[in-house]
Amino acid sequence: YGLLELSGIGVSVEEITRATSTDNFVVSLSKASGEQVDSWTLGEMPQTVELRAGSYRVNVASAANHAAVSREGYFVGGDTFDIVAGQTTTPDPVTCKLESLKVSVEFEGEILEAMGADCQTTVSLADANITVAATDNTPIYFRPQDARNTLKVVFEGTVDGAAERF
């Protein structure tokens with residue numbers, strides 16, 4: 001057996017636009033064969049784990065599942081390492097990258113001033129969709145469906161007193 005030094009795992013997150021705590025990120029430990037050994041949140045992870053000698057993989061994700069559509073991005077990263085009998089191993093730092101399609105819809109200028117309070121935008125990717133106020137420019141995140149993804153955006157509401165849909 002050897003020891004895995006988990007307290008030394010460094011997790012960094014790329015492409016983040018606002019403060020995100022990594023404490024609730026899910027850390028999964030598995031054998032090279034894919035058999036899961038254990039999992040924890042980063043904030044509750046033990047400092048060390050005793051493992052049989054062999055090859056392993058650590059995966060880190062911002063959530064247990066990648067939602068079809070969300071207001072939070074899905075980040076994931078991982079690394080492989082070997083446990084050597086009688087030794088302590090500290091995995092390399094894990095960089096989590098955005099795995100979601102990030103969408104922002106913003107209106108400005110004259111159209112923004114002319115929009116009524118009923119204006120909304122619906123953004124869809126396959127069967128996943130979300131409707132937001134047209135003035136809400138908070139990013140929307142979609143789980144990619146294929147190598148090529150087509151988003152559909154529909155605007156509807158009152159502009160200068162007339163009903164519009166495009």
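Here the structure is a predicted model, which means the values were calculated and not measured.
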With a 4.5 Å heavy-atom cut-off, do L101 and Y141 have their side chains touching? no

For the pair S100 (side chain) and K102 (backbone), establish whether a donor and an acceptor sit closer than 3.5 Å, ignoring hydrogens and angles. no

Measure the shortest side-chain to side-chain distance between S12 and K97 over non-hydrogen atoms and say whether it is less than 4.5 angstrom. no

Can S28 and S39 be counted as having a side-chain donor-acceptor contact under 3.5 angstrom? no

Could you go through V132 and Q120, starting from their C-alpha distance and side-chain angles, then the distance that decides it, and tell me whether this counts as side-chain contact (heavy atoms from CB on, under 4.5 Å)? CA-CA 6 Å; V132 297; Q120 61 185 24; over 6 Å; no

Side chain to side chain, L4 and P91, heavy atoms closer than 4.5 Å: yes

How long is the gap from OG on S7 to CE on M45, to the nearest 0.5 Å? 7.5 Å

Taking everything shown except E108 itself, do over 12 heavy atoms lie less than 6.0 Å from its CD? no

Is any side-chain heavy atom of F75 less than 4.5 Å from a side-chain heavy atom of T22? no

Looking only at heavy atoms, which two atoms of D23 and T41 are closest? And how far apart? O-CB, 3.6 Å

Expected output: side-chain N149 to main-chain D146 donor-acceptor under 3.5 Å: yes

In Å, rounded to the nearest 0.5 Å, how long is the span from CG of L112 to CZ of F107? 9.0 Å

Tell me the closest heavy-atom pair linking G73 and L98, and the distance in Å. CA-CD1, 3.9 Å

May I ask whether V105 and V159 are part of the same hydrophobic cluster, defined by side-chain heavy atoms of I, L, V, M, F, W, Y residues being less than 4.5 angstrom apart, directly or through others? yes

Which heavy atom of R143 sits nearest to which heavy atom of H66, and what is that distance? NH1-O, 2.5 Å

Does the side chain of V49 come within less than 4.5 Å of L3's, by heavy atoms? no

Here the pair of heavy atoms bringing S124 nearest to N129 is OG-CB, 3.3 Å

Taking a hydrophobic cluster as the set of Ile, Leu, Val, Met, Phe, Trp and Tyr residues connected by side-chain heavy atoms closer than 4.5 Å, whether directly or through intermediates, do V76 and I9 fall within one such cluster? no

Is there a side-chain contact (heavy atoms from CB on, under 4.5 Å) between F166 and V154? Walk through the geometry before answering. CA-CA 6 Å; F166 55 87; V154 176; over 6 Å; no

Quick check: is L29 connected to L42 through a chain of hydrophobic side chains (ILVMFWY, heavy atoms under 4.5 Å apart)? yes

Under 4.5 Å between any side-chain heavy atoms of Y74 and N65, yes or no? no

From CA spacing to verdict: side-chain contact (heavy atoms from CB on, under 4.5 Å), T80, V58: CA-CA 6 Å; T80 57; V58 63; over 6 Å; no

Could you tell me whether the side chain of D79 reaches within less than 4.5 Å of the side chain of T95, counting heavy atoms only? no

For E50, salt bridge (charged side-chain N to carboxylate O under 4.0 Å, His left out) partners two or more places apart: none

Using a 3.5 Å distance criterion without hydrogens, assess whether the side chain of T138 forms a donor-acceptor pair with backbone atoms of R71. no

Looking at V153, T131, I130, which hits side chain to side chain contact (heavy atoms under 4.5 Å, CB included) with T122? T131

Applying side-chain contact (heavy atoms from CB on, under 4.5 Å), run through T135 and C119 and close with a yes or a no. CA-CA 8 Å; T135 55; C119 291; over 6 Å; no

Considering all heavy atoms of both residues, which atom of F155 and which atom of M115 are nearest to each other, and what is their separation? CE1-SD, 3.5 Å

So if you build clusters from Ile, Leu, Val, Met, Phe, Trp, Tyr with side-chain heavy-atom gaps below 4.5 Å, do V37 and V94 land together? yes

Using only heavy-atom distances, determine whether the side chains of S55 and D82 contain a donor-acceptor pair under 3.5 Å. yes

What residues, two or more places apart in sequence or in another chain, satisfy side chain to side chain donor-acceptor pair (under 3.5 Å) together with T90? none

Whether the T158 and D118 side chains hold a donor-acceptor pair (N or O, under 3.5 Å, no angle test) is what I'd like checked. yes

Roughly how far apart are F81 CZ and E5 CD, rounded to 0.5 Å? 12.0 Å

Does any N or O in the side chain of S30 come within less than 3.5 Å of the main-chain N or O of Q36, such that one atom is a donor and the other an acceptor? no

Distance from Q145 atom CD to L151 atom CG, nearest 0.5 Å? 10.0 Å

Can you find a pair of side-chain heavy atoms, one from N137 and one from S104, that are under 4.5 Å apart? no

Least distance between heavy atoms, T150 atom then L125 atom: O-CD1, 3.3 Å

